[in-house]
Student: 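Structure provided below as structure tokens; questions to follow.
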Amino acid sequence: MSSALADVDQADAPAIRFTGVHKWYGSFHVLRNINLTVGRGERIVICGPSGSGKSTLIRCVNRLEEHQRGSIVVDGVELTDDVKRIDEVRREVGMVFQSFNLFPHLTILENCTLAPIWVRKMPRRHADELAMKLLARVRILDQAHKYPGQVSGGQQQRAAIARALCMTPKIMLFDEPTSSLDPEMVKEVLDTMTGLAQEGMTMIVVTHEMGFARQVADRVVFMDGGEIVEINAPLRFFEHPQHERTKLFLSQILHIRH
Amino acid sequence: MASLGYIREAPELEESPPALSSGALAWARANLFSSIGSTVVTIGCVALVAYLLPQVVAWATTRAIWSASNGAACRQHQDGACWAFVIAKWDYLRFGSYPIAERWRVDVVEAIGAALIIWLLWIHAPRRVLGALLFFVAYPILALILLHGSPWLGLPIVDTQLWGGIFVSLLTAVVGIVFSLPLGVLLALGRRSRLPAVRAASVVFVEFVRGVPFITILFMANNLLPLFVPETWTPDRLLRPLAGIIIFSAAYMAEEVRGGLQSLGKGQYEAAMALGLNYSRMTALVILPQALTLVIPGIVNNFIGLFMDTTLISLVGATDFLEAMNNAIKDPVWAGPTIMVTGYVFAGIFYFTFCFGMARYSAHVERILAKGRK
Amino acid sequence: MDRARANRSSWLNDQRVRGLVYQTLLLAGIAALACGAIYNAVVNMRARGIPMGFGFWNDVAGFDINLHLINYSNLSTYGRAFWVGLLNTLLIAVISIPLATLLGFVIGVARLSPNWLLSRFALVYTSIMRNTPLLLLLLFWYNAVLKSLPGPRQSISIGDVVFLNNRGLYLPMPVARDSAVWLLGAVLTAIAVAIRVCVWARRRQERTGAQTPTALVAAALLLGLPTAVTAVAGAPFAFDVARLSGFNLKGGLQIIPEMAALVFGLVTFTAAFIAEIVRAGVLAVPVGQSEAAGALGLHRGLSMRLVVIPQAMRLITPPLTSQFLNIVKNSSLAVFIGYPDLVQIFAGTVLNQTQAAVQVMAITMAVYLIISLTVALALNTFNARYALKGR
């Protein structure tokens, strides 16, 4: 246990708190003693080499993955096997996937209104208005009646963001949202996410887009081999990385030598 | 929201997972007892197995009659299988009424066929093209001569009416594949042809054969073939169902190969054309080798289906393994209530072992191919 | 000069010309084969005195059929025998297809169950059924099981209303009484009201978002209303139960062992294939779909109903239809156990008696082809309408 652990001082309860979280896939120790607190309105970017456990970490937040030891408290609710609690948490946490995962048999509008209607029990007109508003915000309102297969990758991902936002979540999780996109479409999605951050949404973003991290993140978390190696404000993280492994990773990603 | 940074000082030790979350106990919790419903189902299944399995095993082993020379012992002990019956009838079940002195010929043909098939199905075997030529061209001729006989070679003729049993089942299935695969390839290529007449002819043939029951094809071959050829050519009684099998299998083969050709993608065709290969060279050297390797699992599945369909040829007078079993069951020396069940169970085990084995092989090939394609 | 030579040689190499040549050769070859076959057929048929027209259709059949849904006796014509056989084939299809689908879906869901034992049981079932010849299964059920049942005098009876012996399965035959009309009315009303409730519930959800348990309400209606009406109006059916009379059972609804064996064999056999189709269809829906649904807060039941199953059904429908056609085609194995279907009656007995092989086979195959092509056409239309839309 590292003694230099510093906690975030919060007046109100944190959005997410990981305490001593461990996870195993079979006998493979994939998350090792994760301690992390995310404050309300805070933007965290998690980066690291592939296989470091970053995706696993954020998938634990909405219980797409289960942790075996330690505790994860999301918006005041602790994640256990209790199904009701899990559903509660999932209502307040939105997720955007690397492979979009839009529902191909529904139009984009229907993708967005599905959960509000069936989970929040919204009347259809209400749900449609909300969805249109959010689709306009991510700038694909004109594609609302198309099917996912009929629009581009960047448009699909923006639709996926709108779909998650329609549940008015308190926390948004992004799992490598731009890794499956053609380069010319990455910017439109990152712009959407930046706009979201500027409105004060609590966000955890797993990404390799360092420009986005520099611009938007409050803290950058570096993970490697299942453990958190370094956390810092973006400026200090990129200009003056402290840990050896962080320096190595940054030099590989940014082709800069430290 | 000022936050202090964090830097790791010492690495975390790797630990082993907690007892209840991995290993046998965790597996059981997740897979057998994950909910009340699941627990009930688990208990029910275990109870069912505990009740049935000992009975079945006892019927097949401890209470069964393993050796006897007639049905008396089996009639006395009706609570077990009568394997003695199967053992006694084994030669008939294998060869039908093929003359005993000539049965070595059947063995030779089967051994060579097995060797050739293994050669062809082993993906990394050397010179498979040679093997293919041998299997599709030389082997049928050799088999025909050996099995039927030829006065010039001093092999007495054995009438096809005497052929029966496992060897006939294997023969019809293998002949079916040997002839229907080239025919199926032609039909598949024809279906993708630019020439409308060729395409139409292929489509009509394939959809016609796939739209009717196999039995009607057998009937057609059995009853119509003698009418459509001159009187003097009377087709052999085994040849007619063979023709029906070839036609039937070719249509399904065509669909398999067509699937393989389609999944190849335009890129291969375009690369071959860009290199200046004409249609036949492109097809023979680039397209078919890849497509056929892709559909080996499909072809093996077709072979399994064909092997099971050979049971139908008894309708037109040929004696396959199932028909041989039916005949054996009727033997009055062995008559008894357990004989029929024993015979059918044994036939079931035989077909299951053969077909399941081939299915496993086909899945294995699919896995290897999938790896290669990634 | 040179240009003229170039033109001449290129004429033969012209793709279009070659194409025409190949096609002409092919058609000529097929025509030659056909003519040769027809010529030989005519010669052979004349020589053997085989009738060449369809006159046999109106000749007296002279044989009995032990299961006929329309009137038939051995004085009926061959034509009538054809219709009897066709109806018997359709009867098997109409009974077997729903049963096989139901059993197949149940086993398919079992294959997907997280309970390891249940999924293995289902795997054992499908493995055995898919690697055993259908004919062997039919012979087993017919010869080893049904034919070994005791005779009518020692019938196995369940509650003294259902009897099982080697002549068949005897169920009580419902005979409608006057009050049956009330029951019919009750059932129809229940269905109509249930539909109305579902429509109303959906509108209500669209307007206010509130959800109603329509499944429960519909079930209550469909079970409750007919029961209530029966209680008031009296039993709608009297049951004619089979009773021993002499050496045989008389009365009741008799299901001949041939039919029982055929239906049971077809259903159990095809269900295994349908189970695999269901399993493959559900597994083919990417896991990201159910993850996304879960991430949105949909619990497992809603996620299945709204996201996974609609996509799985699109993948399941084409191979499922193919299995339905297989049931129709496989019912022709009836000829091995003596069930009087189209092939057994027409391509079997009628062909043997009239020797009009060409005509009989042509008609028989035409019937199956019409069924196959109709179903294929319907499937294509369905696919075109419901396919997932892409660019």
Side-chain angles (χ1 to χ4, degrees), chain B residues 27-28 30-35 37-38 41-42 44-46 48-49 194-198 201 207-208 210-217 219-220 223-224 226-231 304 307-312 314-315 322 326 329 337 340-341 343-345 347-348 351-356 359, chain C residues 15 19-20 22-24 26-27 30 36-38 40-41 43-45 47-48 50 113-121 127-128 130-137 139-140 143-144 148 325 328-333 335-336 343 347-348 351 357-358 360-361 364-365 368-373 376:
Chain B
W27 181 89
N31 289 308
L32 296 176
F33 302 105
S34 61
S35 70
S38 184
V41 165
T42 302
C45 289
V46 169
L48 197 65
V49 170
R194 282 170 300 120
L195 308 173
V198 176
E207 291 307 316
F208 175 85
R210 278 162 38 105
V212 296
F214 181 39
I215 287 191
T216 54
I217 304 270
F219 270 169
M220 189 180 77
N223 295 312
L224 299 188
L227 290 180
F228 286 154
V229 298
E231 185 81 43
I304 295 172
F307 187 66
M308 294 202 284
D309 283 336
T310 59
T311 51
L312 271 61
S314 61
L315 196 60
L322 191 54
N326 272 334
I329 289 174
M340 193 178 268
V341 177
Y344 285 146
V345 166
Y351 280 108
F352 178 80
T353 314
F354 188 85
C355 298
F356 190 68
Chain C
Q15 277 198 322
L20 280 172
Y22 289 147
Q23 292 183 90
T24 320
L26 177 69
L27 290 174
I30 293 179
I38 294 176
N40 283 323
V43 164
N44 286 331
M45 282 164 87
R48 300 180 203 179
I50 296 172
S113 162
N115 184 307
W116 183 86
L117 268 181
L118 188 60
S119 122
R120 284 292 167 263
F121 265 43
S127 297
I128 292 181
R130 289 168 73 202
N131 289 301
T132 311
L134 177 58
L135 181 58
L136 177 58
L137 292 172
L139 289 176
F140 179 79
N143 288 323
S148 319
L325 281 177
V328 175
K329 289 189 282 180
N330 283 337
S331 68
S332 59
L333 264 69
V335 70
F336 283 94
V343 168
L351 190 149
V358 177
V360 165
M361 290 314 301
T364 312
M365 291 174 133
Y368 283 103
L369 272 176
I370 291 173
I371 297 177
S372 295
L373 291 176

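Labels below follow one simple rule: chain letters A, B, ... track the order of the sequence lines, proteins then strands, and each chain is numbered from 1.
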Student: So what's closer than 4.5 Å to chain C heavy atoms on Arg194(B): side chain, backbone, both or neither?
Tutor: side chain
Student: Taking it one step at a time, do Asn40(C) and Leu227(B) satisfy side-chain contact (heavy atoms from CB on, under 4.5 Å)?
Tutor: CA-CA 7 Å; Asn40(C) 283 323; Leu227(B) 290 180; over 6 Å; no
Student: I'd like to verify something: which residue of Ala201(B), Gly348(B), Pro226(B), Pro196(B) has the highest number of heavy-atom pairs under 4.5 Å with chain C?
Tutor: Pro196(B)
Student: Side chain, backbone, both or neither: which part of Phe121(C) has an atom under 4.5 Å from a heavy atom of chain B?
Tutor: side chain
Student: Which residue out of Ile30(C), Leu333(C), Ile371(C), Leu20(C) racks up the most heavy-atom pairs below 4.5 Å with chain B?
Tutor: Leu333(C)
Student: To the nearest 0.5 Å, what is the distance between CD1 (Ile329(B)) and CG (Asn143(C))?
Tutor: 8.0 Å
Student: If I compare all heavy atoms of Lys329(C) with all of Gly211(B), which pair ends up nearest, and what's the gap?
Tutor: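 In terms of heavy atoms, the two residues are closest at CD-O, 3.8 Å.
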Student: For Leu195(B), which atoms come within 4.5 Å of any heavy atom of chain C: side chain, backbone, both, or neither?
Tutor: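 Looking at Leu195(B), backbone and side chain both touch chain C.
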Student: With rounding to the nearest 0.5 angstrom, report the CG to OH distance, Leu137(C) to Tyr344(B).
Tutor: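 Spacing of CG (Leu137(C)) from OH (Tyr344(B)) equals 11.5 Å.
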Student: Between Met365(C) and chain B, which part of the residue has a heavy atom less than 4.5 Å away: side chain, backbone, both or neither?
Tutor: both
Student: Quick check for you: among Leu315(B), Val345(B), Ile217(B), Thr353(B), which has the greatest number of heavy-atom pairs under 4.5 Å with chain C?
Tutor: Leu315(B)
Student: Of all of Asn131(C), Val43(C), Leu26(C), which one pairs up most often with chain B through heavy atoms under 4.5 Å apart?
Tutor: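 The answer is Asn131(C).
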Student: Say you draw a straight line from CG of Leu224(B) to CG of Asn44(C); how long is it, rounded to the nearest 0.5 Å?
Tutor: 11.5 Å
Student: Using non-hydrogen atoms only, which part of Phe208(B) is less than 4.5 Å away from chain C: side chain, backbone, both, or neither?
Tutor: both
Student: Would you give the length of the straight line joining atom CZ of Phe352(B) to atom OG of Ser127(C), rounded to the nearest 0.5 angstrom?
Tutor: 5.5 Å
Student: Checking heavy atoms, do the side chain of Arg120(C), its backbone, both or neither come under 4.5 Å from chain B?
Tutor: neither
Student: Find the one option among Ser372(C), Ser119(C), Pro133(C) whose heavy-atom pairs under 4.5 Å with chain B are most numerous.
Tutor: Pro133(C)
Student: With chain C as the partner, which of Ile304(B), Val229(B), Val341(B) has the greatest number of non-hydrogen pairs under 4.5 Å?
Tutor: Val229(B)
Student: Yes or no on side-chain contact (heavy atoms from CB on, under 4.5 Å) for Tyr22(C) and Val198(B), after CA distance, side-chain angles and deciding distance?
Tutor: CA-CA 9 Å; Tyr22(C) 289 147; Val198(B) 176; 5.6 Å; no
Student: Within the distance-only criterion (no hydrogens, no angle test), does the side chain of Asn31(B) pair as donor or acceptor with the backbone N or O of Trp116(C) below 3.5 angstrom?
Tutor: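 No, the answer is negative, given that no donor and acceptor are paired below the 3.5 Å cut-off.
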Student: Non-hydrogen atoms of chain C under 4.5 Å away: do they reach the side chain of Asp309(B), the backbone, both or neither?
Tutor: neither
Student: If you round to the nearest 0.5 Å, how far is CE of Met308(B) from CG of Leu135(C)?
Tutor: 11.5 Å
Student: With rounding to the nearest 0.5 angstrom, report the OG1 to CZ distance, Thr311(B) to Phe336(C).
Tutor: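 Spacing of OG1 (Thr311(B)) from CZ (Phe336(C)) equals 6.5 Å.
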Student: Looking at side-chain heavy atoms only, is the closest gap between Val41(B) and Leu117(C) below 4.5 Å?
Tutor: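 Of all side-chain heavy-atom pairs linking Leu117(C) with Val41(B), none is under 4.5 Å.
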Student: At their closest point, which heavy atom of Ala37(C) faces which heavy atom of Phe228(B), and how far apart are they?
Tutor: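 The answer is O-CD2, 3.4 Å.
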Student: Do Val360(C) and Phe219(B) pass the side-chain contact (heavy atoms from CB on, under 4.5 Å) test, and can you show the C-alpha distance, the side-chain angles, and the key distance before you say yes or no?
Tutor: CA-CA 10 Å; Val360(C) 165; Phe219(B) 270 169; over 6 Å; no
Student: Which one, Leu325(C), Thr364(C), Leu139(C), Val343(C), leads in non-hydrogen pairs under 4.5 Å with chain B?
Tutor: Leu139(C)
